[in-house]
Amino acid sequence: MDKMDRKIKYALQMGDGVNVRTLEDLRKHFDFNEVTGYYVDHKLIEWLEDRYYDDVKQNIEALDDKAPDFAQKFCQVFGVEWKPSYVFNSDQKLAYERKEDLVKQTTTDPLALRHVKSLAMNQEELEILLTGGMREIYLLGDAEEGQSVFTIPVTFTKRSFIGVGGRVFVDFKKDGKKIPFDQAEREKNGWNFSGSIQIMDEANEKEDSSLLSQSLSILGLGSDEKDKVHPSIENLPKQKEIAEINSV
């Protein structure tokens, strides 16, 4: 098989930050909430399947997650001790499946479909993910409207935001008030932007610059002759590329 055709086997990250790649590692660093979270979003089954842990996979799939003893049997499959603090709420799986269905109705973007748990479809979901400590967040663009707008509070630091499904505009707020990106980046938040994300105020600058160019064209003037239209007009800054923003 060609190396390019080989599937990359991803690890499951536990609560202690360790990425587990084997059943032995999973048992050693077992985190009930993390592992059941991967069960909910189907990544656990895929992880087991990729590593040919067929018996474990079949035993997990045979469990009834609505049964009162699900948590005990779940731990038993992995050979780890169940603790009274290990409680599974089957409602979270139902909520995930409902959201998954909604995402499927909204977009065909494979990244959105793969990261439903960390996907924000609106501002409310974004703030829930931020408050919950999610570090890598996918922002869903509206394919029909052509764009979506999300506001990022500057108090949430060291986060990665990935735009998927359509154009995504982001702006920023501090103490409940909108602030420009150049002020937000001075907060040293450790943000990383990728995918289809555009910074709102810079996108507006780009649009203003485009409108100015169109106006100059109508007047038969070149960009170096804009002062003939109004002497106070200065060169508008170009929109920053995502790579330049991430390097700040």
Side-chain angles (χ1 to χ4, degrees), residues 7-140 156 159-160 162 164-165:
K7 184 176 181 180
I8 297 175
K9 297 179 181 180
Y10 59 84
L12 300 179
Q13 188 174 66
M14 297 293 103
D16 58 5
V18 174
N19 291 320
V20 300
R21 293 178 171 82
T22 67
L23 271 180
E24 183 180 355
D25 287 342
L26 183 64
R27 295 186 183 105
K28 183 178 179 181
H29 299 277
F30 188 82
D31 183 307
F32 182 80
N33 290 332
E34 291 293 339
V35 179
T36 52
Y38 290 122
Y39 165 76
V40 166
D41 67 8
H42 316 305
K43 287 187 173 64
L44 176 61
I45 295 299
E46 185 178 347
W47 185 87
L48 292 169
E49 191 174 64
D50 287 346
R51 289 160 176 76
Y52 305 105
Y53 296 134
D54 296 335
D55 290 344
V56 178
K57 172 179 174 288
Q58 290 169 11
N59 289 334
I60 290 294
E61 290 178 323
L63 295 178
D64 178 4
D65 53 43
K66 295 181 178 62
D69 61 350
F70 170 77
Q72 291 95 318
K73 289 185 175 179
F74 187 87
C75 291
Q76 185 179 354
V77 169
F78 288 105
V80 298
E81 181 184 359
W82 174 80
K83 299 178 182 179
S85 60
Y86 292 172
V87 178
F88 179 75
N89 183 356
S90 60
D91 288 344
Q92 70 182 93
K93 185 180 180 186
L94 181 61
Y96 176 88
E97 289 171 347
R98 286 174 176 169
K99 182 177 178 180
E100 184 179 41
D101 287 341
L102 184 57
V103 172
K104 287 179 179 178
Q105 295 171 28
T106 307
T107 182
T108 57
D109 190 317
L111 275 178
L113 298 174
R114 183 170 179 77
H115 297 281
V116 172
K117 189 167 65 175
S118 54
L119 178 73
M121 301 180 72
N122 51 51
Q123 183 66 30
E124 181 182 2
E125 291 185 358
L126 169 60
E127 301 204 7
I128 290 172
L129 291 172
L130 287 169
T131 304
M134 188 69 71
R135 292 291 174 180
E136 184 176 79
I137 298 175
Y138 292 79
L139 305 177
L140 183 62
F156 294 100
R159 299 294 203 279
S160 294
I162 304 98
V164 294

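What you see is a predicted model, and the numbers here were worked out from it, not measured in a lab.
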Does [X] use its side chain to pair, donor to acceptor, with the backbone of [Y] at less than 3.5 Å?
X: Arg51; Y: Thr22; value: no
X: Lys43; Y: Gly37; value: no
X: Arg159; Y: Ile137; value: no
X: Thr36; Y: Asn33; value: yes
X: Lys28; Y: Val20; value: no

I'd like to know whether CD of Glu61 has more than 12 heavy-atom contacts from other residues, nucleotides or ligands below 6.0 angstrom.
yes

If you count the non-hydrogen atoms of other residues, nucleotides and ligands that lie under 6.0 Å from NZ in Lys99, is the total more than 12?
yes

Side chain to side chain, [X] and [Y], heavy atoms closer than 4.5 Å:
X: Glu136; Y: Ser118; result: no
X: Ile45; Y: Ile60; result: yes
X: Lys117; Y: Val40; result: no
X: Tyr38; Y: Met14; result: yes
X: Tyr138; Y: Val116; result: no
X: Leu102; Y: Arg98; result: no
X: Leu12; Y: Val35; result: no

Could you measure the distance from the [atom1] atom of [X] to the [atom2] atom of [Y]? Nearest 0.5 Å is fine.
X: Gln105; Y: Glu100; atom1: CD; atom2: CD; result: 11.5 Å
X: Arg114; Y: Glu46; atom1: CZ; atom2: CD; result: 4.5 Å
X: Asp91; Y: Lys66; atom1: CG; atom2: NZ; result: 9.0 Å
X: Leu140; Y: Glu125; atom1: CG; atom2: CD; result: 9.0 Å
X: Arg135; Y: Leu130; atom1: CZ; atom2: CG; result: 9.5 Å
X: Asn19; Y: Asp25; atom1: CG; atom2: CG; result: 10.0 Å

Any idea how [X] and [Y] line up, ring-wise: parallel (<30°), tilted (30 to 60°), or perpendicular (>60°)?
X: His42; Y: Tyr96; answer: perpendicular
X: Phe74; Y: Phe30; answer: tilted
X: Trp47; Y: Tyr53; answer: tilted

So Glu127 and Gln123, side-chain hydrogen bond (donor to acceptor under 3.5 Å, both in side chains) or not? Walk me through it.
CA-CA 6 Å; Glu127 301 204 7; Gln123 183 66 30; 2.9 Å; yes

Identify the heavy atoms of [X] and [Y] that sit nearest to each other, and give their distance.
X: Lys57; Y: Leu48; answer: CA-CD1, 3.8 Å
X: Asp65; Y: Tyr39; answer: OD2-OH, 2.7 Å
X: Leu119; Y: Ala112; answer: CD2-O, 4.0 Å
X: Asn59; Y: Leu63; answer: O-CG, 3.4 Å

If a pair satisfies side-chain hydrogen bond (donor to acceptor under 3.5 Å, both in side chains) and one of its residues is in residues 79-88, list it, with sequence neighbours excluded.
none

